[in-house]
Participant: 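Structure in structure tokens, see below.
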2 protein chains.
Amino acid sequence: MYLRYLEDLAARGLATASSDALANLCGTTPAQVRKDLSFFGSFGKRGLGYPVQELIDHLREILGLQQDWPVVIIGAGKIGAALADYRGFLQRGFRVVGVYDNDPAKVGRPWGGSHIRDIAALAPDVRAQGVQMAVLAVPADHAQQVVDLAIQAGIRAILNFAPAQLAVPPHVSLKAVNMAMEMEGLAFALTHADAP
Amino acid sequence: MYLRYLEDLAARGLATASSDALANLCGTTPAQVRKDLSFFGSFGKRGLGYPVQELIDHLREILGLQQDWPVVIIGAGKIGAALADYRGFLQRGFRVVGVYDNDPAKVGRPWGGSHIRDIAALAPDVRAQGVQMAVLAVPADHAQQVVDLAIQAGIRAILNFAPAQLAVPPHVSLKAVNMAMEMEGLAFALTHADAP
DNA sequence: CTACACTTGTGAAGAATTTCACAAGCCCTC
DNA sequence: GAGGGCTTGTGAAATTCTTCACAAGTGTAG
């Protein structure tokens, strides 16, 4: 989050940012900002604030964003297809190198400079290209089975859009985006907003 | 999360679930489960566990899910269009009643039983149908302006897919889904996994 | 009806996180 | 180069969250 705002500030030409300024942008407190950043090192200059570009570089290095990450998308349904063309990924250094599906009707359909590939090709492709990250956009009832396959193939980080809780071994990182659950959180907020 | 798993258990025909069982499913601890649930009331039976169906009903009421929520989707790009057809929403009681865009090339295009509508129609539609929830899937640089418009129209809860931090007044709930940021979290995990 | 095996609900203890508050440091001005 | 206005980095305090541990129920079996 800090990185995002710092890039905004850099784009606007600011050379330094105080913890106060960052806190206002991020909706936290100055003390929180300072504690968070100090966890990774001492990046600020007293009296001045944090040097924007320098801090950006540090954060990008900490996050491991100084390289491009190849990513595969598994599932070429509506969501998978939308993600495959999502510019936000490439902008942030994530290069979608392949889209996979098991539906013969979808396999072979053109995508990017190539075409949608059969899920059977996932393992060899992943190994050949050293891909470590996958985005999962398959129906919930196949999700676990597909994850197992992906991990077998060498995937070590997964962003899961399927509305299913997945089990992965400890060396694999997993993040889930559950849109319906987010909506339910909003419904809760709405039903309780009137009586605070 | 508890609701999700309880529904699974109900579908499998289980009548009761212990905090231990729920904890295993959710990846937390029995004590956590009990504390969480006890915040809203005393739902369990000592010696037995929690009555599954009864707890489901309670949670649905707490979350405000006993009604269907009408939802509008703003932005008919790739992501917006995918969300408009996303079955997961309807399954969970969120009925997409309209899709809006400001691009004349998209406005009028068929969608569902109707068609994509002009953003100018948002305010009257929202008021007429009493819609309180919106999903935002527009480019980041228009997001704030569109949110302001939506709030003006009467929207009080927003699920934001645009990679932008939005400012909303206190009576409006906002949740953001930032896919690139999730990927960056995974990149961090990957770069630090090897040296624990 | 009693003994027993379970499981909840919850104060209290423990751990983690956030906030406070201030010494130390930096820059600018005079 | 001394003084003053800012701002960081960080121990300590305050707060919040999680875990522990056990009394109090509940159902079952004999």
Side-chain angles (χ1 to χ4, degrees), chain A residues 1-3 5-10 12-63 165 170 175 181 185 188-189 192 196, chain B residues 1-3 5-10 12-63 165 170 175 181 185 188-189 192 196:
Chain A
M1 184 174 59
Y2 295 134
L3 178 57
Y5 282 113
L6 285 163
E7 285 170 339
D8 274 8
L9 294 176
R12 288 200 267 134
L14 280 86
T16 62
S18 68
S19 59
D20 218 11
L22 284 171
N24 285 338
L25 286 173
C26 301
T28 67
T29 65
Q32 185 72 68
V33 172
R34 295 203 295 276
K35 262 280 195 290
D36 285 349
L37 295 178
S38 76
F39 182 80
F40 292 106
S42 181
F43 304 124
K45 284 205 188 359
R46 299 180 185 211
L48 260 190
Y50 296 89
V52 171
Q53 190 55 54
E54 212 175 302
L55 184 50
I56 288 175
D57 295 344
H58 274 122
L59 291 180
R60 293 186 65 83
E61 181 171 352
I62 289 163
L63 289 171
Q165 203 82 3
K175 295 216 176 208
M181 223 181 260
F188 175 74
H192 292 77
Chain B
M1 184 174 60
Y2 295 134
L3 178 57
Y5 283 112
L6 285 163
E7 285 170 339
D8 274 8
L9 294 176
R12 288 201 267 133
L14 280 85
T16 62
S18 68
S19 57
D20 218 11
L22 284 172
N24 284 339
L25 285 174
C26 300
T28 67
T29 65
Q32 186 70 67
V33 172
R34 295 205 294 276
K35 262 280 194 290
D36 286 348
L37 294 178
S38 76
F39 181 82
F40 292 105
S42 181
F43 304 123
K45 284 207 183 8
R46 302 182 181 208
L48 259 192
Y50 296 89
V52 171
Q53 190 55 52
E54 213 176 302
L55 184 50
I56 287 174
D57 294 344
H58 273 121
L59 291 181
R60 294 186 64 83
E61 180 171 352
I62 289 164
L63 290 171
Q165 204 79 5
K175 295 218 176 206
M181 221 181 263
F188 176 74
H192 293 78

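The basis for the numbers below is simple: all heavy atoms, side chains too, and nothing from hydrogens, waters or symmetry mates. Naming: A, B, ... by sequence-line order, numbering from 1 per chain.
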Participant: Between Gln32(A) and dT17(C), is there a side-chain N or O to OP1/OP2 distance below 4.0 Å?
Facilitator: no

Participant: Strictly by side-chain hydrogen bond (donor to acceptor under 3.5 Å, both in side chains), give each pair with a member in residues 31-48 of chain A just once, sequence neighbours left out.
Facilitator: Tyr2(A)-Asp36(A), Ser19(A)-Arg34(A), Gln32(A)-Asp36(A)

Participant: Encode nucleotides 4-12 of chain C as B, S and - characters from 5' to 3', where the letter depends on protein heavy atoms closer than 4.0 Å: B to the base, S only to sugar-phosphate, - to neither.
Facilitator: --BBBBBBB

Participant: Going by the rule ring pair (Phe, Tyr, Trp, His ring centres under 6.0 Å), which residues pair with Phe40(A) if we only count those two or more places apart in sequence or in a different chain?
Facilitator: none

Participant: Checking Ala10(A) now: which residues fulfil side-chain contact (heavy atoms from CB on, under 4.5 Å) with it, not counting sequence neighbours?
Facilitator: Val52(A), Gln53(A), Ile56(A)

Participant: Using salt bridge (charged side-chain N to carboxylate O under 4.0 Å, His left out) as the criterion, list what pairs up with Glu61(B), not counting sequence neighbours.
Facilitator: none

Participant: With ring pair (Phe, Tyr, Trp, His ring centres under 6.0 Å) as the rule and sequence neighbours excluded, what pairs involving residues 42-61 of chain A come up?
Facilitator: Phe43(A)-His58(A)

Participant: Can you tell me the distance, in whole Å, between the CZ atom of Phe40(A) and the P atom of dT8(D)?
Facilitator: 18 Å

